[in-house]
Each structure stands twice: as C-alpha cells, then as structure tokens.
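Order of the sequence lines sets the chain letters (A, B, ...), proteins ahead of strands, with each chain counted from 1.
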Amino acid sequence: MVDGEDESVLYNDRSGETHLLSAIAVSLLQQLARGPADFPSIAAFLGSAWEFDSDDDLRQTSHRLLAELEALSLIEIRRS
Amino acid sequence: MNISELSGAELRQRLQSDGVYFRTGVFTACLSTRLERVASSFALLYADYPLLEGPYADFHVQVAAPRNLRRWIRPQVQFIADGSSPFMGLPRDQAFPVLEWGLNWCVSSNANYYLIIHAAVIEKNGHAAILPAPPGSGKSTLCAALVHRGWRLLSDELALIRRSDARLVPLPRPVSLKNASIPLMKAYAPEAVFSPSVSDTIKGTVAQMKAPADSVARADETALPGWIIFPRYEQGAPLTLTPVPRTRAFMRVAENSFNYAQLGVEGFNALAGVMRQSDSYDLHYSSLDDAVAAFDRLGARAGQR
C-alpha cells in the first residue's frame, strides 16, 4: 500500500487491479482484515473512528463503502 | 572504442554485412542497413556510443527496403527486429525515424525485467526527474533543453525502473523532436547536433537531437528517484509548479506505463518504491528558461526530504 494524506493506493493480488481508496475505505478494509463482521459491527466501528453528521449519514456511508469495496472485489458480502 | 572511430567506409561496410554492434545503456543492439540515409544519420547521432563485437545482441534490427513493389513504387522502408516486421512500411525518407521508433519498440515490448514508463528521465545530483506525459505535452522539448543546461539524459522516451531497488537505469539515445520544437531547440542549444528533418510523418516533421556525450559516457550510472514532474506546455502561461499528492501521482504514472499491469505485484512494488522517494508536481510552462530554472531549484535540493 502507498499511503497519502487522505487516500491510499492498494494492490489487490486476487484481481491484479490497483485501486485508489479513501482513508475511510482503507480503515474499513483493515478492520475487516481482522475478521468477518456484520453490518451493525461495521457501522459501530466506522462511527467510533470517523465523524458523521448523523446516524443516517453513518448508515448510508457504511452501505456505500461496502458496496464500493464489493464492486472492486476487495470484500465479499454474504447475504442471508 | 566508439562508433566515431570507424571510418565512414568501414561503418558502411559493417552495416551492409554482419551489422554494427553497439551499446545503448544496458542494451546491445546490432544494426544492419543498406540505406545511406540511415547510415549517415547513425554515424552522426551514435558517434559516441560504444562499438562492440558480435555475435550477441539483445536486438538484431534492420532498416531495409521491402521485398515487394514498394521497393520501387512510392518506395518504403521496413523495420525488422529479430527477423520479424512489427510495423507496416513507411516512406523511405522516414528511414532514420523508423530506426528510432523501432528501437523504442524493442525495449518497450521486451524489457520486462524493468518497470517501463512512457516518460523522459533526466538526472541532477544523483536523483532522477521522471517526466511522464502523453504526446504533445512538451516533454521531449523540455528534456532536450534540460540536458543542454546541466542535466544528464537518461532517456527521452522510456523510464526504466529496476524492480529490485527502484533505481532509474539509463537508456540515453537521441532525443526525438517534432514540428516547432526543432527550430526552437536549434536556437536554444546552437551547439547541439541534429539529424536532417523529415516531413509528413504521422507526428508531423521530426528530427533527432544527438544525446550529449557525457550522458552516453555515464550510461552505467543509475539514479535514485527524486521527482515526478507532469509537464504541460501552454503558450503564454506563467510558470506554475503545483504539488501532486503521491497517491494521485502513482495512478497517473501507472497509466503511462507500458507494462505495469503485466508485472502484477512486482510492478506495484517497483512503482511504490519510486513514489515513496519522489516529490510529484504538475508543471505548466511557456518559457523554457523558466522551466529550466524551476528544475534547477528542485535539483539543488536533491536528497533533502
């Protein structure tokens, strides 16, 4: 990973793709690298590590980040 | 022994028979041709390059008339590398540019032990400035100016990054100029040596400027990364040198690479090594003197990070 002030460049060795990610996305990836988590845990982590305007903002950002990381094949979401 | 130490007759005899083996940086090439316009420009622009004995070469290349009607009718030339013709034929008067474009193709297509960026590279105080840029940005003109104002030429076209330690490996060859840059550089560097200009190429009018002898002599000296400069010429624009975040610069440099994707994680690690040691800037300029002065200010601080 190559870190900058607000972003990082990450190499995905599964896909061979290189991604420019925001700091918040990287922090979520690093959190998920510790082990799988459900949505409430993810939102709780993001809420504790970053500032949000409201609970609604936190929830929407959490969903958006997860969708973006899944689209980049950086995470897998298991839907029950 | 350098190529200049061969007599004109001897050079041409070798070009027309077993070929002339010569070194450009880390590569050995063997050139064969019966075309006088190639021989004369080669003798002029490659005079300072080490002459070697065969039979080994990284690339065996020929510039030759094709074996079809185009040998005589609207005559063309072909570039042949190791027995294959990777390009269509081009008009015969473009024979020397064809050699230069062909040699660039040989390196960019084959030298995958390096991470290769489409960029000019120059050096001052042991540190390299890499100038990645699409055609038309003024990269080659700026490179040509800088190497006549105290910077060493590593390459005007291909940045070779050593995967093991991210050092820049020289490939000093003639600097390709086009259109208005040709008379501009002839005025800016009256001591420089140029090939004859060739018109009506796909890039317009082109000419090659001889690499400074010192740059050729120091082709074994690698350089540490120092700066990534994205140049853009804009007529009449004041000089601006704007920092670019390392992460953004990384992505832009990767986009200008011939083989970044192909190298996988090793390409990423090599480029990461370069970017961690470099400061990155966007440079907009209209005056070569102003741009050179900006580079000199950076060069004076080489190694101070």
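Counting all heavy atoms, side chain and backbone alike, D3(A) lies closest to T247(B) at C-CG2, 4.0 Å. For the pair M1(A) and R276(B), the tightest heavy-atom approach, listed with the atom from each and the gap, is O-NH2, 2.7 Å.
The environment of I77(A) atom CD1 is dense: over 12 non-hydrogen atoms of other residues, nucleotides or ligands sit within 6.0 angstrom.
The structure places CG of D6(A) at 9.5 Å from CZ of R248(B), a figure rounded to the nearest 0.5 Å.
Heavy atoms of L10(A) lying under 4.5 Å from chain B belong exclusively to its backbone. Of the atoms belonging to T18(A), heavy atoms from both backbone and side chain fall under 4.5 Å from chain B.
Listed for the Y11(A) side chain is no donor-acceptor partner under 3.5 Å among the backbone atoms of F268(B).
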R246(B)/E7(A) under side chain to side chain contact (heavy atoms under 4.5 Å, CB included): CA gap, chis, key distance, verdict: CA-CA 9 Å; R246(B) 175 178 300 154; E7(A) 296 171 321; over 6 Å; no
